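Just so you know, these numbers use all the heavy atoms, side chains as well, and skip hydrogens, waters and symmetry mates. As the structure is a prediction and not an experimental result, all values here were calculated from the model. Numbering starts at 1 and runs along the sequence shown.
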Amino acid sequence: MVNCKETCAVIIALHKKGFTGKDIAASKIAPKLTIYRIIKNFKESGSIVVKKASGRPRKSSKRQDCLLKFIQLWDRGTTSTEFAQEWQQSGVSASARTVRRRLLEDGLVSRRAAKKPLLSRKNIRDRLIFCKRYRDWTAEDWGKVIFSDESPFRLFGASGKKLVWRRQGERYHQSCVMPTVKHPETIHVWCCFSAKGVGSLTILPKNTAMNKEWYQHILQEQLLPTIQEQFGDEQCLFQHDGAPCHKAKVITKWLEEQSIDILGPWPGNSPDLNPIGNLWSILKRHVDKQNPTNSDKLQALIMQEWAAISQDVAQKLIDSMPGWIAEVLKKKGQHCKY
């Protein structure tokens, strides 16, 4: 069986030999209307290639497409249905589906908004100051920093998301749901790490909030042993954020008395500059997989999985710091992916 191009060539060859469209149709190599169209196109253009049909006319002009893109970039939270209604005011009667196709042509797709801490002008300015100050630091320089942070862990889904494989109709099957409770028990955890590996991790007692007294106790009992174990007599820097208990006078005085130098000043609302955020993600993901059902199991798993994090993982996170600093500078102090 001949293909389309070969069919056209055969029809034109027969036409040149004096066969009529009716004669050629009798051979049943193509429908009669197709044969007449091919012969007509050959007479008009001298080519056997049939012009592709233009298709259905677009409902919008390039100018109207540009207007739609401008409206979308002005308010990114508007739905395609709302866009279609606004577009109609400029004289374009189009469906929400058409709106989505036009936006897709410009690479604009609808996705769930990323959740990030609010950045004020001061936050952005402080982030730029910090990154410019340390822009020339190498991975080796960052390897002399101990990073620290606190984070909550909750029973029944600490990370807040879980993927399951299921068939149609199994959405609410017991093995396919993530249990939730109204008031999940929360455990507050403090930890630190450096390029040399994970450091100390401590779990605060139940119903205990971090304050300056607890923070000084943690620094005394957890940070000092980590510094001694990982750096010995070598000089290192300590990183912590600007939480009120971290900036308390008693904490500042204690750090000075211990001759512990601080990295910073640390910009507010900047978890994307602290590589320990990635360690939290790794830790919570590993803990979640084991589905702890009570506080004791949760605490035991946190300690177990923290100790299992290899030095290679810690080293890779520290090695990525120059890239994060450059990314924040590139984005002029705005959020970056981490």
Side-chain angles (χ1 to χ4, degrees), residues 114-117 119 123-124 126-153 158-159 188-202 210 215 218-219 222-223 225-227 229-231 234-243 246 255 260-288 302-303 305-331 333-338:
K115 293 182 179 180
K116 291 284 187 177
L119 290 178
N123 293 146
I124 294 173
D126 291 345
R127 285 162 64 85
L128 288 173
I129 292 172
F130 178 86
C131 291
K132 287 176 182 178
R133 181 176 181 179
Y134 295 104
R135 72 193 311 170
D136 296 325
W137 271 31
T138 63
E140 184 178 352
D141 295 322
W142 289 108
K144 299 174 183 178
V145 178
I146 293 182
F147 291 89
S148 70
D149 195 22
E150 301 101 42
S151 183
F153 283 71
S159 65
H188 293 277
V189 179
W190 178 93
C191 71
C192 62
F193 92 108
S194 73
K196 298 179 184 294
V198 297
S200 296
L201 179 145
T202 186
M210 184 70 80
Y215 192 54
I218 287 173
L219 295 180
Q222 306 296 332
L223 177 63
T226 297
I227 292 176
E229 179 185 345
Q230 295 191 351
F231 292 94
E234 293 181 44
Q235 188 66 26
C236 68
L237 293 173
F238 174 59
Q239 178 277 335
H240 61 176
D241 59 31
H246 297 175
L255 291 169
I260 298 175
D261 296 324
I262 303 300
L263 177 76
W266 190 260
N269 286 347
S270 299
D272 52 346
L273 286 173
N274 191 345
I276 206 168
N278 296 75
L279 279 187
W280 286 132
S281 297
I282 293 170
L283 181 60
K284 290 182 177 182
R285 186 166 60 249
H286 289 177
V287 170
D288 284 353
I302 291 172
M303 301 297 291
E305 295 299 333
W306 176 255
I309 296 175
S310 69
Q311 189 267 335
D312 287 342
V313 172
Q315 182 68 60
K316 287 179 181 178
L317 291 176
I318 297 300
D319 289 346
S320 67
M321 278 300 296
W324 290 352
I325 295 293
E327 184 69 14
V328 174
L329 288 173
K330 179 181 177 181
K331 294 194 174 182
Q334 296 291 340
H335 292 297
C336 67
K337 183 179 180 181
Y338 71 99

Check the pair Ser200, Ile218 against side-chain contact (heavy atoms from CB on, under 4.5 Å), reporting the backbone distance first and the verdict last.
CA-CA 10 Å; Ser200 296; Ile218 287 173; over 6 Å; no
Kindly indicate, with the supporting measurements, whether the criterion side-chain contact (heavy atoms from CB on, under 4.5 Å) is fulfilled by Lys144 and Leu237.
CA-CA 6 Å; Lys144 299 174 183 178; Leu237 293 173; over 6 Å; no
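When all heavy atoms of Tyr215 and Ser148 are compared, the pair lying nearest together is OH-OG, 4.5 Å. Contact record, Leu219 with Leu255: CD1-CD2, 4.2 Å, taken as the closest heavy-atom pair. Scanning all heavy atoms of the two residues, the minimum distance from Ile318 to Ala139 falls at CG2-O, 4.0 Å.
Side-chain contact annotation: Asn278 with Ser281, donor-acceptor N/O pair under 3.5 Å absent.
Two residues are said to be in side-chain contact when any heavy atoms from C-beta on lie closer than 4.5 Å; Pro271 and Asp149 fail this criterion. Side-chain contact between Cys131 and Ile325 is present, with at least one heavy-atom pair separated by less than 4.5 Å. Proximity of Trp190 to Gln222: side-chain heavy atoms (C-beta onward) are separated by under 4.5 Å at one or more points. Contact check for Cys191 versus Ile276: side-chain heavy atoms found under the 4.5 Å cut-off. Side-chain contact between Phe238 and Thr226 is absent, with no heavy-atom pair separated by less than 4.5 Å. Considering only heavy atoms from C-beta on, Asp241 comes within 4.5 Å of His246 through its side chain. With a 4.5 Å cut-off on side-chain heavy atoms, Val313 and Phe193 do not count as touching. Contact annotation: the side chain of Lys116 never approaches that of Gln334 to less than 4.5 Å [non-hydrogen atoms, C-beta and beyond].
For the side chain to side chain donor-acceptor pair (under 3.5 Å) test, residues two or more places apart in sequence or in another chain that qualify with Ser194 are Gln230. In this structure, the salt bridge (Lys or Arg N to Asp or Glu O under 4.0 Å) partners of Asp126, at least two apart in sequence or on a different chain, are Lys122. Scanning for side chain to side chain donor-acceptor pair (under 3.5 Å) contacts around His335 gives an empty result, with sequence neighbours left out. The side-chain contact (heavy atoms from CB on, under 4.5 Å) check on Ile227 picks up Ile146, Leu223, Cys236, Ile260, with sequence neighbours excluded. Here Met303 pairs with Leu201, Ile203 under the side-chain contact (heavy atoms from CB on, under 4.5 Å) rule; sequence neighbours left out. In this structure Phe130 satisfies the ring-ring contact (aromatic ring centres under 6.0 Å, His included) test together with Tyr134, Trp266, sequence neighbours excluded. Residues satisfying the side chain to side chain donor-acceptor pair (under 3.5 Å) criterion with Thr202, sequence neighbours excluded, are absent altogether. Residues forming a salt bridge (Lys or Arg N to Asp or Glu O under 4.0 Å) with Lys316 (at least two apart in sequence, or on another chain): none. Residues that satisfy the side-chain contact (heavy atoms from CB on, under 4.5 Å) test with Gln315, not counting sequence neighbours, are Ala195, Gln311, Asp319. Annotation: side-chain contact (heavy atoms from CB on, under 4.5 Å) contacts of Arg133 (sequence neighbours excluded): Pro265. In terms of the side chain to side chain donor-acceptor pair (under 3.5 Å) criterion, Glu327 has no residue partners (sequence neighbours excluded).
Atom NE2 of His240 is separated from atom SG of Cys192 by 12.5 Å, given to the nearest 0.5 angstrom. Interatomic distance, CG of Asn123 versus CG of Leu128, reported as 11.0 Å (0.5 Å rounding). Expressed to the nearest 0.5 Å, how far CG of Leu273 lies from CG of Leu263 amounts to 10.0 Å.
Pairs of residues two or more places apart, or lying in two chains, that qualify as ring pair (Phe, Tyr, Trp, His ring centres under 6.0 Å) and include a residue from residues 268-288 are Phe153-Trp280.
Note on Asp272 versus Arg127: salt bridge recorded, some NZ/NE/NH1/NH2 to OD/OE distance being below 4.0 Å.
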